[in-house]
Amino acid sequence: MSSETTKASQSVTGPRLAVNIAGIEMKNPVMPASGTFGYGEEYAPFLDLENIGAIVTKGLSLKPKAGNPTPRIAETISGMLNAIGLQNVGVDAFIKYKLPFLREVTTPVIVNFFGNTLEEYGEVAKRLSDIPEVAGVELNISCPNVKKGGIVFGTDPKAAAEVVSLVRKNLAKPLIAKLTPNVTDITVIARAVEESGADAICCINTLTGMSIDIKTRRPRLANRTGGLSGPAIRPIAVRMVHQVAQTVKVPVIGVGGIVRPSDAIEFLIAGATAVQVGTANFVDPGIMPAIVEGIEQYCIEEGIDDINELVGSLQV
Amino acid sequence: MSSETTKASQSVTGPRLAVNIAGIEMKNPVMPASGTFGYGEEYAPFLDLENIGAIVTKGLSLKPKAGNPTPRIAETISGMLNAIGLQNVGVDAFIKYKLPFLREVTTPVIVNFFGNTLEEYGEVAKRLSDIPEVAGVELNISCPNVKKGGIVFGTDPKAAAEVVSLVRKNLAKPLIAKLTPNVTDITVIARAVEESGADAICCINTLTGMSIDIKTRRPRLANRTGGLSGPAIRPIAVRMVHQVAQTVKVPVIGVGGIVRPSDAIEFLIAGATAVQVGTANFVDPGIMPAIVEGIEQYCIEEGIDDINELVGSLQV
Amino acid sequence: MKNYKTMVLSNQEISPGYYRMRILAPGFGASARPGQFVMFRVQTSLPPLLRRPFGIFRTGFLPPDCEGQPPKEYLELLYKVVGRGTNIMAGLHHGDRVEVLGPLGRGFDPGNPAEEKILVGGGIGLVPLYMLASHLTKTSSVRLLMGGRTREDILAVTEFERLGVETYVSTDDGSLGEEGLVTEVLKRKLEKFPGASVYACGPMPMIEAVQRICAERKVPLQVSLEALMACGLGACLGCVVKGAGHSEEIPRYLCTCKEGPVFRAEQLDWARMGEETGYCEGCKS
Amino acid sequence: MKNYKTMVLSNQEISPGYYRMRILAPGFGASARPGQFVMFRVQTSLPPLLRRPFGIFRTGFLPPDCEGQPPKEYLELLYKVVGRGTNIMAGLHHGDRVEVLGPLGRGFDPGNPAEEKILVGGGIGLVPLYMLASHLTKTSSVRLLMGGRTREDILAVTEFERLGVETYVSTDDGSLGEEGLVTEVLKRKLEKFPGASVYACGPMPMIEAVQRICAERKVPLQVSLEALMACGLGACLGCVVKGAGHSEEIPRYLCTCKEGPVFRAEQLDWARMGEETGYCEGCKS
Ligand SMILES: Cc1cc2nc3c(=O)[nH]c(=O)nc-3n(C[C@H](O)[C@H](O)[C@H](O)COP(=O)(O)OP(=O)(O)OC[C@H]3O[C@@H](n4cnc5c(N)ncnc54)[C@H](O)[C@@H]3O)c2cc1C
Ligand SMILES: Cc1cc2nc3c(=O)[nH]c(=O)nc-3n(C[C@H](O)[C@H](O)[C@H](O)COP(=O)(O)OP(=O)(O)OC[C@H]3O[C@@H](n4cnc5c(N)ncnc54)[C@H](O)[C@@H]3O)c2cc1C
Ligand SMILES: Cc1cc2nc3c(=O)[nH]c(=O)nc-3n(C[C@H](O)[C@H](O)[C@H](O)COP(=O)(O)O)c2cc1C
Ligand SMILES: Cc1cc2nc3c(=O)[nH]c(=O)nc-3n(C[C@H](O)[C@H](O)[C@H](O)COP(=O)(O)O)c2cc1C
Ligand code: FES
Ligand code: FES
């Protein structure tokens with residue numbers, strides 16, 4: 001009886017925000033986007049890591065990677081370009097030096113990784129496969145395949161399927177495939193990765209862009225081009241998330257330009273089961289818990305008891 | 001001797017801004033983007049049409065076209081979505097009712113058009129072929145081919161080549177192919193249209209996007225998705241213009257998010273011989289002459305005598 | 001029709017959430033007709049990207065700052081704070097730079113002076129009716145039926161009365177005037193003045209109800225509509241509304257910015273009107 | 001380290017194009033060390049999207065508005081208007097809402113109290129040196145060599161003098177102090193005080209020249225660098241600089257925001273320093 005009361009009183013405390021992505025249980029649908037939250041530790045002074053749905057790490061590769069020369073970032077109108085070049089400590093150093101901090105947090109840890117060859121993808125997957133702290137992995141397939149003349153894995157359905165299949169074979173954990181938006185038809189890629197065993201799809205990564213300093217007549221980025229992120233790209237991201245959610249059965253994670261609770265809600269309505277916040281972490285390091293609160297508030301106002309009711313509820 | 005003096009004094013009046021696009025002589029490199037300037041007449045109260053490089057009309061089709069249901073536009077962060085659906089009076093009504101006004105202006109008139117089938121493209125081209133007031137045409141190949149299951153002409157190099165070849169055959173005027181950015185590799189399409197006879201390439205058209213009203217949970221556009229334009233897309237447009245200019249020999253016209261002189265200059269440096277101003281006309285109907293002035297000012301400051309020196313002058 | 005690069009003279013909250021802004025606009029009044037509108041650029045920097053459309057409430061002259069100078073001509077807007085743009089507007093002060101494009105569109109047809117005129121305004125929809133009233137009262141007998149949710153939505157009534165307009169107020173909650181819908185008042189007035197002409201501006205559900213009432217009674221009606229606008233000039237085709245005889249096969253779209261915002265009721269396709277409003281879904285529920 | 005959601009106390013132009021802003025920041029001073037910086041959010045709405053990095057000029061207390069209240073702790077920035085963000089900043093007033101993330105990064109190592117300290121500042125580069133001077137003067141003899149293009153770029157000299165710092169000014173055009181480069185003054189001082197430690201902040205060409213001078217003379221040097229930053233927390237990896245021993249094969253990047261902005265000269269790869277500055281190409285020519 002007393003436990004019943006507790007249950008009831010819990011249920012009146014607010015709407016249920018928990019979501020499940022491919023078996024990863026999250027308290028709420030808000031997590032950081034890879035590469036914008038370091039390895040989690042960097043943001044710990046500004047938010048309680050227990051209050052977000054998951055932690056997604058900076059993208060890892062087999063060996064440490066130096067990244068691109070500087071300048072690596074440029075502000076654009078309502079967005080930013082980055083050409084970090086996937087600088088990272090490498091998977092082994094991550095496990096040794098970065099994971100111990102994350103072990104102290106109960107929030108699930110999703111490790112984002114990439115490779116420049118098929119084999120590299122496979123090898124990183126193996127090394128992560130028996131690390132218990134890794135709740136799931138997110139496969140960044142927006143990288144050029146150095147062996148195949150630099151064609152980007154994620155722009156070719158066959159290459160994308162190959163990568164996903166291989167990782168699937170090497171790793172028994174929940175597998176999220178993160179798609180690049182720089183394609184003619186994202187649903188073709190989404191279908192390919194679903195069929196090859198992806199348990200969830202995250203979209204979108206950045207759009208390739210360029211900015212030029214008219215005084216020096218040089219590209220603002222040493223790498224010439226970079227990835228565009230931030231509010232500017234949101235309409236494109238919402239469109240792609242909607243298209244992908246209509247196409248696949250696996251859950252979709254929406255990302256691209258979220259800076260306010262209403263932006264996150266837009267993605268959920270479009271069909272995303274969860275969302276990632278990227279560039280906005282730079283603007284306000286405490287933004288994710290605020291977005292969670294805003295979503296909760298919206299659910300209360302709209303009479304939504306369970307966030308999953310909202311997912312894909314677009315009226316057309 | 002006296003004519004010499006005149007010449008000299010003319011040359012000190014300022015930098016040469018004239019450009020030539022596929023045989024179309026323009027006083028300066030600034031013209032409107034199709035669909036944002038009506039048929040020219042609408043903007044005559046706000047600027048002297050003689051002061052811009054060319055006039056580009058709203059896209060025409062063979063028959064009058066109704067366009068999409070409303071709402072057709074939505075503001076986004078630093079951009080707008082439109083799903084006008086190419087509403088237009090049709091090529092014949094254009095010739096009869098809209099062209100007479102343009103006849104009074106010496107500025108070259110570029111007619112933008114599209115078709116839902118290959119034949120329609122060909123037929124519009126024929127009807128425009130012997131209208132002397134039409135200085136050139138701009139082919140919008142971002143339309144779905146109704147006969148081929150809706151695949152967008154401009155996303156498939158073969159279909160794009162077919163359209164351009166056909167129009168090329170039916171029309172002896174300068175032919176500009178306008179490309180869609182919603183593709184994996186815009187250089188493939190650019191090469192295809194160049195090889196099929198395009199005299200110039202205009203990029204970019206809008207990026208497909210979507211926006212949702214979280215109160216009603218409906219798309220903000222009746223058509224669900226629409227084309228994203230405005231400052232938000234500029235880095236993507238600059239990147240694509242640069243890529244295309246590196247790929248083809250024909251001149252490139254840059255368009256996407258230009259709102260200030262410095263934006264136009266960025267496109268010129270990236271490789272565009274001329275630029276189009278779209279959404280910014282809505283913000284400030286007198287913006288094009290102001291952009292021309294700003295470009296002139298920049299040339300003076302930077303010691304550039306001829307705007308063509310600036311074109312493609314990116315330092316890498 | 002011109003793009004006035006000008007400045008705010010004053011900007012005051014006149015009722016909770018409603019503001020009145022005077023903008024310096026020399027020469028504006030001579031060209032403006034009742035029912036026309038302007039495209040207002042909230043600030044000279046971006047965002048917001050697009051201009052916002054506002055009806056012309058009135059134009060007038062302020063006494064000059066110094067003797068001997070000519071009086072300052074102003075344009076007055078009356079607006080409700082609803083979103084991003086109007087929120088920024090509410091923070092503008094004397095001297096702030098703004099841009100006003102106008103006057104735009106087709107205004108009201110004053111009609112036959114002999115007829116009784118009934119103006120029907122809902123909330124902020126009264127804006128274009130004031131300038132109309134100031135013209136009509138010169139020759140006709142004019143009545144204003146004003147509706148709103150609550151007393152705070154009823155604006156500028158005294159100003160109409162000062163023009164000699166007979167004014168009837170109704171509110172949904174009865175907090176001012178009669179309790180109920182303005183359309184009920186309209187029905188009664190039309191019984192008394194069956195030969196009247198009606199001019200209406202307000203939320204779409206009100207406009208639709210007014211149309212039904214007038215159509216049943218064969219009373220001439222002009223309505224001023226709202227639509228999402230990008231250019232305000234007939235160039236973008238964003239603001240279209242379905243014209244009479246519209247069908248999937250023979251579509252008849254009219255530009256609200258150029259062929260409107262005021263339409264004679266017969267010009268429009270009332271059967272399909274409600275389907276596509278989009279921009280104010282919120283206020284329909 | 002905290003995100004202060006706070007407000008501007010004052011914001012004054014102190015020399016053409018240079019401003020001094022005081023921001024309410026209770027508790028900030030206790031945690032701030034000389035050479036650290038903040039990420040400043042120009043306004044709570046967007047744009048601009050990214051925060052801007054600024055050195056901490058000083059912290060202090062203002063008398064309370066009313067008796068009995070505690071004094072107000074403030075953080076003071078000193079900044080030059082160069083682009084979009086700083087232009088907006090120049091327009092801020094008392095009471096405007098801003099956000100300050102900090103204190104961030106690694107500051108100066110105060111070094112051995114017995115040594116002479118020579119601070120070299122170029123233009124706005126003097127900012128982190130003031131707080132450093134106020135610490136160093138407690139134990140050491142401190143000299144400031146200040147350089148700028150013209151007299152208007154020489155700021156806050158009297159404030160340094162009030163700390164007991166001996167100050168030497170040089171300008172490119174000779175409009176204040178000595179005509180010439182600050183590095184020439186440095187060479188002379190190092191002849192006189194060969195055992196001194198040097199602390200430098202300013203434009204990259206000055207920093208590089210200072211580095212060469214100190215390296216030749218084996219004088220310990222700490223430099224404060226600038227870099228384009230997005231996060232300020234070591235998360236985005238946008239702000240990296242090449243560390244000593246850097247090569248294409250074994251790259252050694254350091255985060256300016258976290259491992260810097262102050263570095264001991266030995267930590268850095270000076271041979272490759274000039275190649276990649278990008279953000280201030282303009283000021284190198
Ligand atoms: C011809 C005409 C005359 C108008 N006259 C007045 C008036 O006198 N006083 C007044 O308060 N309002 C008037 N409106 C409505 C006014 O334009 C909107 O309230 C205003 O644009 C809202 O801007 P926002 O940025 O605050 O709202 P947001 O919702 O943030 O605006 C987002 C976008 O939607 C558009 N939009 C939002 N609501 C409307 C609407 N109701 N009609 C058209 N566009 C809308 C905005 O212009 C903008 O492009 C008029 C509208 C039209 C078409
Ligand atoms: C650690 C550190 C401390 C600094 N301390 C001061 C200080 O105390 N006073 C001061 O006036 N300036 C200081 N700067 C430089 C200051 O950050 C820039 O002047 C400012 O960001 C310019 O912003 P803006 O929007 O006006 O210029 P814009 O050129 O419009 O800015 C565009 C982008 O470039 C970045 N940017 C431009 N110039 C610089 C620069 N020199 N360094 C880093 N990023 C830049 C901006 O942050 C922004 O992201 C410091 C920089 C760093 C890295
Ligand atoms: C500085 C930076 C670094 C990024 N690094 C990665 C990365 O390592 N792996 C990855 O999959 N995505 C990376 N991204 C992409 C983001 O995860 C995200 O997909 C993108 O920024 C769009 O979201 P936003 O608009 O919210 O930033 C990075 C983005 C930024 C801005
Ligand atoms: C309302 C609107 C209508 C448009 N109609 C057309 C069109 O008919 N044909 C076409 O090729 N492009 C059309 N476009 C695309 C523009 O010409 C241009 O390519 C695009 O808007 C990007 O430029 P901008 O960012 O400067 O607006 C339209 C754009 C807008 C905003
Ligand atoms: S608003 Fe552009 S056509 Fe009416
Ligand atoms: S600014 Fe992000 S890592 Fe330094």
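Chain letters run A, B, ... following the sequence lines, proteins first and then strands; every chain starts at 1. Just the heavy atoms: all of them, side chains too, but no hydrogens, waters or symmetry mates, feed the values below.
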Neighbour count above 12 (heavy atom, 6.0 Å) for A:Tyr97 OH
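No - once you tally the heavy atoms of other residues, nucleotides and ligands closer than 6.0 Å, there are 12 at most.
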Item checked: Side chain / backbone / both / neither for A:Asp284 at chain D, heavy atoms under 4.5 Å ->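 Interface part for A:Asp284: both.
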Could you tell me which portion of A:Tyr39 (side chain, backbone, both or neither) has an atom closer than 4.5 angstrom to a non-hydrogen atom of chain D?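 Neither part; nothing is under 4.5 Å.
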Contacting region of D:Met39 [heavy-atom separation from chain A under 4.5 Å]: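 Neither part, no heavy atoms under 4.5 Å.
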Heavy-atom distance under 4.5 Å to chain A: side chain of D:Lys2, backbone, both or neither?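 When you check distances to chain A, only backbone atoms of D:Lys2 fall under 4.5 Å.
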| said: I'd like to check A:Pro285 versus D:Arg51 (side-chain heavy atoms, cut-off strictly below 4.5 Å). Are they in contact? | reply: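 A side-chain contact exists here, since the closest heavy-atom pair is under 4.5 Å.
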Q. Does the side chain of D:Leu49 reach to within under 4.5 Å of the side chain of A:Pro231, using non-hydrogen atoms?
A.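 Side chain of D:Leu49 against side chain of A:Pro231, heavy atoms only: contact under 4.5 Å found.
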Of all residues at least two apart in sequence or in a different chain, which pass the side chain to side chain contact (heavy atoms under 4.5 Å, CB included) check with A:Ile84?
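Side chain to side chain contact (heavy atoms under 4.5 Å, CB included) check on A:Ile84 returns A:Lys58, A:Arg72, A:Ile73, A:Asn82, A:Gln87, D:Leu237.
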* Asked: Listed by chain and number, what are the side chain to side chain contact (heavy atoms under 4.5 Å, CB included) partners of D:Thr183, not counting sequence neighbours?
  ->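 Here the qualifying residues are D:Leu181, D:Ala209, D:Val210, D:Ile213.
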Heavy-atom closest contact ([X] atom, [Y] atom, distance):
X        : Y       : value
D:Leu50  : A:Met80 : CD2-SD, 4.0 Å
D:Asn3   : A:Phe46 : N-CE2, 4.0 Å
D:Tyr253 : A:Asn68 : OH-O, 3.3 Å

Less than 4.0 Å between a side-chain N and a carboxylate O, is that true for A:Glu75 and D:Arg52?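 Looking at A:Glu75 together with D:Arg52, the answer is yes, because their closest N to O distance falls below 4.0 Å.
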*asked:* Assess the residue pair D:Val241 and A:Thr70 against the criterion (side-chain contact (heavy atoms from CB on, under 4.5 Å)); give the C-alpha distance rounded to whole Å, side-chain angles, the decisive distance to 0.1 Å, and a yes or no.
replied: CA-CA 8 Å; D:Val241 63; A:Thr70 57; over 6 Å; no
